[in-house]
Each structure stands twice: as structure tokens, then as C-alpha cells.
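Each ligand, and each atom within it, is numbered from 1 in the order the structure gives.
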Amino acid sequence: MTILLTHAEQLLTLRDALGSRDARRGAQMRDLGIIQDGAVLISDGKIAAVGATDEVAGQLPDGRADVEEIDCHGKVVLPGFVDSHTHPVFTAPRLVDFEKRIAGASYEEIADAGGGIRASLSGVREASATDLAAHVAGALQQMAAQGTTTVEAKSGYGLSLESEIKSLEAIQRASKQWNGTVVPTLLGAHVVPPEYHDNPDEYVRLICEDIIPKVAARKLAEYVDVFCERGAFNPERTELVFRAAAQHKLGVRAHVCQLTTADLGPLMVFHPASLDHMDFVRDDDLPLLASSDTVATLLPAANYFLGLSAFPPARKLIDAGVAVALATDYNPGTAPTPSMPFVLSLACTQMKMLPAEAITAATYNGACALRLQHRKGSLEPGKDADIAIFEASDYRELAYWFGVNRCSGRVLKGAGPQRQVSHPPDSGD
Ligand SMILES: [Zn+2]
């Protein structure tokens with residue numbers, strides 16, 4: 001099947017003029033590779049040509065009968081968003097937390113009232129794999145409706161061998177029902193579950209010696225994540241989990257510096273694909289980050305939802321040359337949003353990122369945070385045809401409008417020939 005998108009008001013290619021596959025840093029984040037009156041030719045799920053409409057239409061083979069042409073007048077066309085940090089495996093919203101927090105309750109008071117992570121834990125442990133998969137599939141659909149075509153999806157509300165495996169199976173099942181791309185991550189080290197409260201080292205042993213080997217053997221995850229934070233897993237336990245992941249040839253990533261500072265040096269030894277949140281990153285760790293290919297993934301929807309006045313220090317990171325990505329952190333406790341455009345809005349208004357920087361962080365650098373930039377994150381021949389179409393004539397509108405979904409179409413290629421383009425752009429959601 002061949003699809004031709006034509007006459008995009010602005011086509012944001014995100015291609016690098018020199019063909020680099022490194023994450024974008026500093027001033028590079030402001031270059032979106034814009035083509036006016038742009039076109040994209042898609043063949044068998046891959047991008048075949050990108051350029052001005054005249055130029056690309058001229059490359060069509062003779063006899064255009066099997067070409068589906070989509071007129072993108074009045075639209076901005078860009079690579080689908082790469083949401084590189086989500087927690088979609090849960091069963092119910094955490095409304096007790098929400099209301100109690102509004103009323104000023106502390107974390108402990110919320111937990112005593114039946115809220116907090118334990119509420120999600122019992123929901124996931126009791127749910128069937130079928131029900132969990134249905135929840136994940138629903139989330140993926142909502143994300144795609146807002147222009148997301150690649151999603152990193154974590155387990156982490158089961159916290160036992162059985163329920164972490166069940167959560168990853170749910171992600172796998174949901175990903176097969178979706179035409180986008182899903183990158184599964186084991187987050188067994190989210191918090192210490194109640195039954196190991198008095199013996200966290202025993203839980204770390206379970207993760208390292210039982211859960212990680214089984215997950216790796218069944219290829220249920222590509223990454224292992226750790227919530228490295230006060231009240232969760234300290235740096236020493238994080239290193240143990242990272243070491244086990246590396247032994248089983250899984251990539252690593254971490255939630256870190258969300259609530260407190262941490263020394264990133266020992267974690268960087270394991271070459272994490274991404275370090276996420278980074279609200280309290282220390283200035284003396286910036287040169288180390290800037291000289292690595294580890295991406296700092298910022299999650300401002302969590303700050304918003306928790307009612308915080310401080311947001312992740314995007315300017316400091318970008319100005320130091322650190323590769324910055326943006327993601328939703330979609331989860332029931334602190335960021336119940338599937339919307340990357342909303343995250344763009346927060347990045348610009350609260351973190352002083354320029355609209356172009358935010359778009360780069362949500363596409364190309366998001367792909368780098370999953371080490372998928374050879375396939376995702378920019379519109380270039382040979383890459384997966386993952387495309388979002390927005391009702392806008394200027395890219396800055398993507399971050400300007402909020403509380404409304406202006407994504408009017410999308411193309412999701414997925415990973416292989418069994419997943420041909422199957423969501424051609426539609427008339428809107
Ligand atoms: Zn998270």
C-alpha cells in the first residue's frame with residue numbers, strides 16, 4: 001500500500017542536516033527541519049520520500065491507482081510523538097489520593113485512607129491478564145488519538161513475580177492489538193511491596209535472581225527501570241538491579257532526582273538509556289550527562305498534577321548540553337494524562353522551553369531515550385512511517401492550544417510487515 005501526504009503547511013522532518021544519529025542538544029533542539037508545502041511518500045509502512053510536494057509527487061511510479069493521497073492543506077505534519085515513559089498497567093483511577101491531596105492530606109494520611117500505590121497494587125494483583133490488557137489497549141488508543149505513535153510501557157503495580165509477569169504479558173497483548181510501537185519495561189523495583197517492608201534486600205534479591213531472569217528468558221521486556229529515591233530504592237540497591245539487568249542483556253533506565261538529589265556517577269556506569277524526572281539533578285552531574293548519550297527525560301505532568309510550583313529544570317539541562325526528552329509519565333497516582341500536546345504546553349509555559357525545543361524533546365529525543373532513533377523520531381526515507389497530523393498552520397500551535405485535541409490524523413506503522421499502515425489519517429477525534 002502506498003500513501004502520499006501532500007501540501008502540508010509545515011512538514012517538520014526533524015532530520016539532521018549532517019545525518020547524525022546523536023540525540024539533539026543545545027541549539028540543535030531548535031531546528032525542526034521544516035519544509036513548506038511538504039509531502040511524505042509512504043510505501044509498505046516505511047517512509048519512501050520526503051520533500052516539497054512537487055518534488056515528491058514527481059517520484060511516484062507510473063499509474064497512481066493504488067496510491068491513497070491525503071491532502072494536508074492547513075495542517076502541520078510531524079513524526080508521531082514518542083512517549084518514552086508511561087505506566088499504563090493499572091485498573092482504576094486513584095480518586096482517594098486526588099481528593100485527599102486537594103484537602104491537604106499527607107502521603108501517609110492518603111495511604112491510611114486506602115489510597116497510594118497500594119490501591120493500584122491490589123487492583124493489579126486481583127485483575128485478570130485479559131482485563132489488564134484491555135486497560136493498556138485503551139490507554140494506547142487515547143495516546144494515539146493525541147498524536148503518539150511509540151510508547152514505552154512499564155509494569156510496576158504488581159510487585160511480585162506472578163503479577164509483574166502478568167503486567168508485562170498485558171502490555172504484550174495490548175501491543176499486538178495496536179498499530180503503533182510499544183517498548184516494554186520491567187519496573188519491579190517501583191516500591192518495596194508491603195510483604196517485604198521489613199526486608200527490602202530480600203525483595204531486591206527476588207527481582208535480581210528470579211524476576212529479571214524469567215522476564216529476560218521470555219523476552220517480555222527490553223528495559224529494567226528502578227525508582228531510585230528516598231522511600232523506594234537507594235543507590236546501592238539500584239546498582240544491584242542494574243547489574244542483574246545487564247547480565248541478562250536488558251537495557252536500564254531509572255526514575256531519579258524526583259524528590260531528592262542523587263549522585264548519578266555510579267548509575268552512569270551502567271549506560272542508562274534515560275534518567276527520568278531529574279527535578280533535583282545536581283549541577284556537578286551536568287558535564288557527565290552532557291558527555292554521555294543518556295537522555296534526561298522530563299515529566300512535567302506529574303509536577304502539574306501534584307500541584308507543585310517547581311518544574312524540572314529544562315533550561316539548565318539544555319544549556320549545559322544535556323539531551324532532553326519529554327514524556328507524559330501516564331499513571332494513576334501522579335500523571336493521569338495520555339496527552340503529549342499537554343506536556344508540550346507545560347514544557348513551554350512552566351519550564352521555558354521554546355516550542356521547537358519541546359517538539360524535538362517529544363519526538364527525536366524521545367526516540368533516543370528508547371534507543372530507537374534509527375527507526376523513529378524523524379521523517380526520513382527508510383524510517384518507520386509514524387506520523388501525526390495537526391490542525392494548525394504553524395508548529396508553535398502544537399504547544400499553544402491546550403485542553404483541546406487538535407491532532408486530526410495519524411499514521412502508525414509498527415514494527416514489521418504484519419503491521420502495515422492501518423490507521424490512515426481520519427477526520428479527527
Ligand atoms: Zn514514572
Side-chain angles (χ1 to χ4, degrees), residues 81-90 93-94 97-98 107 116-121 123-124 135-136 139-140 143 148 150-159 164 167-168 171 182-193 207 221-233 238 241-242 245 251-260 262 264 267 272-281 294-306 308 311-312 314 324-340 342-343 346-347 361-362 365-366 369-370:
F81 295 123
V82 178
D83 191 348
S84 59
H85 183 135
T86 83
H87 304 251
V89 194
F90 61 89
R94 295 232 292 264
D97 307 32
F98 182 52
Y107 184 86
I117 195 168
R118 287 190 199 194
S120 297
L121 199 65
V124 166
H135 277 273
V136 176
L140 295 174
M143 292 169 183
T148 297
T150 297
V151 174
E152 185 261 11
K154 304 175 198 295
S155 65
Y157 294 116
L159 309 183
E164 286 296 297
S167 297
L168 291 168
I171 290 169
V182 176
V183 176
T185 294
L186 169 66
L187 179 56
H190 197 180
V191 293
V192 175
I207 293 171
E222 294 179 29
Y223 287 96
V224 171
D225 194 345
V226 180
F227 187 20
C228 177
E229 187 60 74
R230 184 184 63 199
F233 294 85
T238 301
V241 175
F242 275 11
V252 297
R253 50 204 316 113
H255 292 63
V256 67
C257 299
Q258 180 181 7
L259 309 170
T260 58
L264 299 183
L267 302 185
S274 176
L275 295 176
D276 300 26
H277 284 291
M278 301 291 263
D279 294 59
F280 290 92
V281 64
T294 297
V295 175
T297 299
L298 311 183
L299 308 168
N303 302 61
Y304 166 83
F305 191 73
L306 293 173
L308 306 180
F311 280 76
V324 167
L326 288 165
T328 59
D329 194 17
Y330 177 78
N331 79 77
T334 62
T337 178
S339 174
M340 287 296 280
F342 176 59
V343 172
L346 290 174
N365 278 7
L370 300 176

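The side chain to side chain donor-acceptor pair (under 3.5 Å) test with D276 singles out one residue from H255, R253, H85, and that residue is H85.
Of all heavy-atom pairs spanning A189 and D225, the tightest one is CB-O, 4.1 Å. Closest approach of L264 and C257 over heavy atoms only: CD2-SG, 4.1 Å.
The tally of protein N/O/S atoms under 2.8 Å from the Zn ion (ligand 1) stands at 4.
Annotation: F305, atom CZ; neighbour count of heavy atoms from other residues, nucleotides and ligands within 6.0 Å is above 12.
For the 3.5 Å distance criterion, the side chains of T86 and E152 fail to qualify, holding no donor opposite an acceptor.
Residues F233 and V192 are in side-chain contact: their nearest non-hydrogen atoms beyond the backbone lie under 4.5 Å apart.
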